[in-house]
Protein chains: 4
Amino acid sequence: MAQNQSAPDTTRRSERSRRAIYDAALALVAEVGYPKTTIEGIASRAGVGKQTIYRWWPSKADVLLEAFLDLADQAARAAGAADRQPYAIPDTGDLAADLKAVLRATVDELRDPGFEAPSRALAAEGLVNEELGRRFVAKLLEPQLQLYVDRLRAAQDTGDIRADVDPRIALELFVSPLAQRWLQHTGPISHDYTDTLVDYALNGLAPR
Amino acid sequence: MAQNQSAPDTTRRSERSRRAIYDAALALVAEVGYPKTTIEGIASRAGVGKQTIYRWWPSKADVLLEAFLDLADQAARAAGAADRQPYAIPDTGDLAADLKAVLRATVDELRDPGFEAPSRALAAEGLVNEELGRRFVAKLLEPQLQLYVDRLRAAQDTGDIRADVDPRIALELFVSPLAQRWLQHTGPISHDYTDTLVDYALNGLAPR
Amino acid sequence: MAQNQSAPDTTRRSERSRRAIYDAALALVAEVGYPKTTIEGIASRAGVGKQTIYRWWPSKADVLLEAFLDLADQAARAAGAADRQPYAIPDTGDLAADLKAVLRATVDELRDPGFEAPSRALAAEGLVNEELGRRFVAKLLEPQLQLYVDRLRAAQDTGDIRADVDPRIALELFVSPLAQRWLQHTGPISHDYTDTLVDYALNGLAPR
Amino acid sequence: MAQNQSAPDTTRRSERSRRAIYDAALALVAEVGYPKTTIEGIASRAGVGKQTIYRWWPSKADVLLEAFLDLADQAARAAGAADRQPYAIPDTGDLAADLKAVLRATVDELRDPGFEAPSRALAAEGLVNEELGRRFVAKLLEPQLQLYVDRLRAAQDTGDIRADVDPRIALELFVSPLAQRWLQHTGPISHDYTDTLVDYALNGLAPR
DNA sequence: TCTTAAACGAGACGGTACGTCGGGTCTTCTA
DNA sequence: TAGAAGACCCGACGTACCGTCTCGTTTAAGA
């Protein structure tokens with residue numbers, strides 16, 4: 001509700017503490033799960049006073065969101081350093097192959113235990129806490145989805161996708177099913193599965 | 001942890017208390033949100049001792065799950081009494097029209113505030129609590145999805161859907177996008193939107 | 001400020017917890033001193049939840065006051081069982097001797113470490129917290145002083161004390177100096193010292 | 001615990017800060033009471049960094065003690081400037097009258113709200129913190145008592161007091177009762193009361 | 001007069017305890 | 001004997017201060 005009375009001085013913030021808090025938060029979520037992760041636990045594990053957490057974040061969920069964003073950033077930077085093209089879907093000319101490749105990579109990532117616990121926890125919190133949910137989506141999900149939009153737009157230019165299709169909706173045909181299966185355990189996820197999704201989505205269910 | 005020592009005698013269970021607890025749980029979730037709904041709050045609002053809740057349910061989530069199942073049952077019974085065909089997707093011969101009609105009804109239901117709060121809360125809890133999540137899916141989601149499977153199978157018989165398509169995956173093309181938009185606030189949901197999903201899914205994104 | 005909302009049910013109070021809390025409070029005050037005695041410390045030492053303390057007492061000082069009153073009661077009961085005349089100053093006919101005897105006993109008691117820590121702590125708290133101070137005086141100090149009033153009244157009947165003297169003031173001539181020396185460390189206390197006080201008070205400082 | 005590493009340079013001390021701290025400490029004790037007076041509060045009210053307090057004083061009690069000594073000094077200097085005889089009990093030849101006059105003045109002083117809060121707070125702290133108590137007594141109480149010793153010695157020379165009386169003890173007959181009534185609220189204090197104390201003390205309680 | 005080292009204001013930090021809330025267990029009394 | 005009531009032990013909450021520790025910024029000494 002109320003704004004932090006007299007916001008703290010960011011320039012004097014302890015980088016060491018910030019890092020320790022991120023690490024502790026991610027580790028605890030992975031080890032004991034989100035609900036059993038407590039602010040006290042994070043503080044104690046990080047070797048930090050509770051007030052240092054409350055000074056900079058309004059809630060446990062916000063700590064975890066920032067920690068996860070930081071983790072994603074680091075991973076992105078690491079990947080970027082390696083292949084120099086971190087933030088785009090490849091365009092080999094074969095749309096189906098490109099989409100399948102990216103979705104296979106996503107499947108692998110979703111199974112990485114280091115990512116699974118925090119991102120599942122954040123997604124869950126976001127369902128119930130709309131404000132946090134919107135930030136989660138805006139910071140993490142939308143940027144990813146935008147890459148699909150870009151690739152689908154390129155496919156429209158080459159005629160691989162009908163021109164009257166809305167790419168922002170189109171991408172959901174293969175992305176959302178994967179998301180739901182993973183989030184809600186409504187089915188197994190595999191490379192075959194995502195390959196199938198791409199085929200169905202591009203070619204349609206009706207006979208041609 | 002510990003099992004209820006000497007499981008309580010179901011025959012002597014107070015129906016009045018059970019109903020009061022369901023009502024209190026649903027009301028509280030709608031009013032203050034899931035995280036601020038407490039067992040103590042439910043008990044006090046239902047005019048019931050805490051032990052009466054702990055005797056019959058292992059956790060807050062289970063109370064809410066049963067309360068919601070009960071609510072859904074009641075709604076289904078009410079609808080069933082009216083149109084005598086509650087649990088099937090209509091088959092008018094026009095697959096696209098049938099799917100669009102059902103999805104439009106689903107959109108309306110997702111916007112009903114009485115349904116939204118508890119189902120969102122249960123979905124969130126299910127993300128993080130796998131055991132509960134599986135029950136949530138099995139009891140509520142799968143039966144719904146099975147209706148789509150049935151309708152798509154019928155469409156395969158009439159040749160409206162390719163025979164080599166897996167209906168359980170196919171239905172996700174239009175169901176999952178709606179689910180994700182609603183759950184994660186990744187976009188607005190409307191009749192137009194679901195209509196578009198059906199069109200894209202049936203006809204594919206690639207030009208014919 | 002506010003009254004306990006819906007005061008707890010005294011009949012269901014745990015006697016075992018009450019005793020454990022008294023013991024822990026007195027022990028901690030004796031061991032680490034009043035300021036370092038904390039509610040958390042008392043609770044933990046007593047093997048009791050903090051809420052059990054907050055349910056029954058509004059503050060640390062109140063816990064200690066009750067604990068000390070209980071201790072004094074027990075001591076009185078023990079003494080009473082022994083000599084059958086616990087609560088009166090002896091009247092042997094020799095006023096000076098009687099007063100000296102009682103004051104010598106008081107000196108001994110003031111030096112008992114088990115009594116010293118809590119009573120000093122309560123006295124200190126009473127200085128600054130008037131409400132508690134008044135209770136401390138009414139429950140512990142005044143009953144003692146009343147015994148002196150009674151004895152001095154008897155002495156007025158036998159002519160050992162002038163009839164126009166106010167006994168409530170008179171007793172302060174020998175009681176208050178002892179109290180002040182003990183409380184404020186303004187001087188040593190000993191049997192000789194209290195004997196002298198009695199002599200000075202009875203005979204006056206001016207030559208006769 | 002640790003000694004100030006390399007004691008600070010007194011010559012560079014900020015007089016302005018010292019004064020501001022004294023003023024803030026006395027004001028806060030008067031306004032919110034000693035327990036609710038905090039170092040942070042004093043620092044903030046004085047417009048001073050916390051470290052400036054910790055640099056020069058080891059504890060809240062020490063700050064207040066010095067502040068109060070300073071206040072007493074100022075008051076004494078102000079009085080001294082006026083009547084040129086600040087630090088002695090008058091000797092008009094009438095011992096009883098002299099003592100009554102001084103005690104009446106003391107009663108008035110004890111009722112001055114500006115003095116009451118801090119001196120009561122320091123007395124309370126002194127009960128429980130022996131080291132501070134001894135300093136409080138040595139710096140504030142003993143000098144006052146010494147004046148009585150001097151006056152009583154003079155009275156012994158003129159024969160108004162028996163030669164075998166110990167003045168250090170004798171003075172307690174009228175000083176301690178007043179002190180106790182004030183400190184512990186064991187009774188009202190008034191000019192009549194102190195007059196009575198002097199009469200009883202000088203003439204004794206026994207008939208002559 | 002300028003340099004320079006200190007005291008200073010500010011406030012972030014690792015901690016401890018506060019008083020409150022709710023969890024899940026247990027006991028007592030009532031219907 | 002199920003249920004209403006609620007005391008109990010426990011642990012986390014978010015807050016307030018503690019005493020220590022940097023940070024720039026005065027400010028007064030001595031070069």
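Numbers restart at 1 for each chain; the letters A, B, ... are given by sequence-line order, proteins then strands. Heavy atoms only: backbone and side chains are in, while hydrogens, waters and symmetry mates are out. On a predicted model such as this, the values are computed, not experimentally measured, just so you know.
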Quick one: [X] [atom1] to [N] [atom2], roughly how many Å, whole number?
X        : N       : atom1 : atom2 : result
Ile21(D) : dA7(E)  : CD1   : P     : 14 Å
Arg55(B) : dT25(E) : CZ    : P     : 12 Å
Ile53(A) : dA12(E) : CD1   : P     : 16 Å
Glu15(A) : dA12(E) : CD    : P     : 16 Å
Arg18(A) : dC13(E) : CZ    : P     : 11 Å
Trp57(D) : dG19(F) : CH2   : P     : 15 Å

Quick one: is [N] close enough that its OP1 or OP2 comes under 4.0 Å of any side-chain N or O from [X]?
X        : N      : value
Trp56(D) : dC8(E) : yes
Arg13(B) : dA2(F) : no
Thr52(C) : dC9(F) : yes

key: 5'-most by nearest nucleotide on DNA chain E - Pro58(C) or Gly49(A)   =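 Its nearest nucleotide being more 5', the pick is Gly49(A).
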
query = Of Thr10(D) and Gly47(A), whose nearest nucleotide on DNA chain E comes first from the 5' end?
reply =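 It is Thr10(D) whose nearest nucleotide is closer to the 5' end.
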
ask   = Do Lys60(C)'s NZ or CZ and the ring of Tyr34(C) fall within the cation-pi criteria of under 6.0 Å and 45°?
value =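 Yes.
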
ask   = Does the ring of Trp56(B) carry Arg13(B) above it, NZ/CZ under 6.0 angstrom from centre and within 45° of its axis?
value =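 Verdict for Trp56(B): a cation-pi partner in Arg13(B).
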
Closest approach of [X] to [Y] (non-hydrogen atoms, all atoms of both residues):
X         : Y         : answer
Glu125(C) : Leu132(C) : CG-CD2, 3.6 Å
Val29(D)  : Ala121(D) : CG1-CB, 4.3 Å
Ile53(C)  : Ile42(C)  : CD1-CG2, 3.8 Å
Ala27(D)  : Arg45(D)  : CB-NH2, 3.3 Å

key: Interface residues of residues 37-46 of chain D with DNA chain F (non-hydrogen, below 4.0 angstrom)   =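 Residues of residues 37-46 of chain D that come under 4.0 Å of DNA chain F are, in numerical order, Thr38(D), Ile39(D), Glu40(D).
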
Steps toward side chain to side chain contact (heavy atoms under 4.5 Å, CB included) verdict (Asp73(B), Leu69(B)) = CA-CA 6 Å; Asp73(B) 260 25; Leu69(B) 287 174; 5.7 Å; no

ask   = Hey, which of these two, Gln51(D) or Ser17(B), hits DNA chain F nearer its 5' end, going by closest nucleotide?
value =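 Between the two, 5'-proximity favours Ser17(B).
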
request  = With DNA chain F as reference, determine whether Arg12(D) or Lys36(D) sits nearer its 5' end, using the nearest nucleotide of each.
outcome  =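 The answer here is Lys36(D).
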
inquiry  = What's Lys60(B) touching, base or sugar-phosphate or nothing? Going by heavy atoms closer than 4.0 Å.
reply    =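 If one applies the 4.0 Å heavy-atom cut-off, Lys60(B) turns out to touch nothing in the nucleic acid.
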
query = Can you find a heavy atom in the side chain of Pro35(D) that is under 4.5 Å from one in the side chain of Val128(C)?
reply =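 Yes, close enough: below the 4.5 Å cut-off.
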
ask   = Does the side chain to side chain contact (heavy atoms under 4.5 Å, CB included) test come out yes or no for Ile21(B) and Trp57(B), once each step is laid out?
value = CA-CA 11 Å; Ile21(B) 288 165; Trp57(B) 293 275; 3.7 Å; yes

task = Looking only at side-chain atoms of Lys50(B), point me to the closest of dG11(E), dG6(F), dT20(E).
result =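 Closest of the options to the side chain of Lys50(B): dG6(F).
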
request  = With the side chain of Asp9(C) defined as its heavy atoms from C-beta on, choose the nearest nucleotide among dA7(F), dG3(F), dC8(E).
outcome  =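 Nucleotide nearest to Asp9(C)'s side chain: dA7(F).
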
query = Do other residues, nucleotides or ligands put more than 12 heavy atoms under 6.0 Å from the CZ atom of Arg16(D)?
reply =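 Count not over threshold, so no.
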
query = Roughly how bent is the helix from dT1(E)-dA31(F) to dA31(E)-dT1(F) end to end, in steps of 10 degrees, with each end axis from five pairs?
reply =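 What I find for the helix from dT1(E)-dA31(F) to dA31(E)-dT1(F) is an axis angle of 10°.
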
